[in-house]
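Worksheet for the structure shown next.
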Amino acid sequence: MIKLLAVVNIVAWAGFWAFGYLALSSDGPPDGQLLTASLLAALGLFTGVFTYLRLVRVSELTGYARPSAQMNREIRNEVQKRWGERHELG
């Protein structure tokens with residue numbers, strides 16, 4: 001599954017760059033080339049971002065990468081209270 005995500009990620013980013021270049025270098029909208037290339041570039045972008053985020057999550061869960069430093073709810077609420085007080089003193 002991880003290798004499939006990695007392959008899809010690479011293909012999606014390659015499609016984004018290739019079709020993005022085609023969209024930017026097209027002469028105009030007469031035959032729909034601009035719209036088609038733009039839609040395919042957007043599809044590549046969204047697929048690439050989605051698969052990248054999934055790969056990051058999987059690599060953190062499997063221990064391949066260090067987990068991100070996330071705060072629990074109590075710490076986040078305490079920090080937000082302090083920020084509001086400091087901001088008012090500002």
Filter on ring-ring contact (aromatic ring centres under 6.0 Å, His included), then keep only pairs touching residues 41-64, sequence neighbours left out; what's left? none
Once salt bridge (charged side-chain N to carboxylate O under 4.0 Å, His left out) is applied, do any residues pair with Glu78, and if so which ones, sequence neighbours excluded? Arg82
Suppose we screen for side-chain hydrogen bond (donor to acceptor under 3.5 Å, both in side chains). Which residues come up paired with Thr51, at least two apart in sequence or across chains? Asn9
Which residues, ordered by chain and number, are linked to Ile2 in its hydrophobic cluster, where ILVMFWY side chains connect at heavy-atom gaps below 4.5 Å, directly or through other members? Leu5, Leu55, Val58
If the condition is side-chain contact (heavy atoms from CB on, under 4.5 Å), which residues does Ala37 pass it with, not counting sequence neighbours? Leu22, Ala23
Which other residues belong to the hydrophobic cluster containing Leu4, where Ile, Leu, Val, Met, Phe, Trp and Tyr are joined when side-chain heavy atoms lie under 4.5 Å apart, directly or via other members? Val8
If we ignore hydrogens and angles and just use 3.5 Å, is the side chain of Ser59 paired with the main-chain N or O of Val56 as donor and acceptor? yes
So, taking the atom named CG in Leu40 and the one named CG in Leu45, what distance separates them when rounded to the nearest 0.5 Å? 12.5 Å
Within residues 7-27 or reaching into it, pairs that qualify as ring-ring contact (aromatic ring centres under 6.0 Å, His included) - sequence neighbours excluded: Trp13-Phe16
Pairs involving residues 34-44, ordered by first then second residue, that meet side-chain hydrogen bond (donor to acceptor under 3.5 Å, both in side chains) (sequence neighbours left out): none
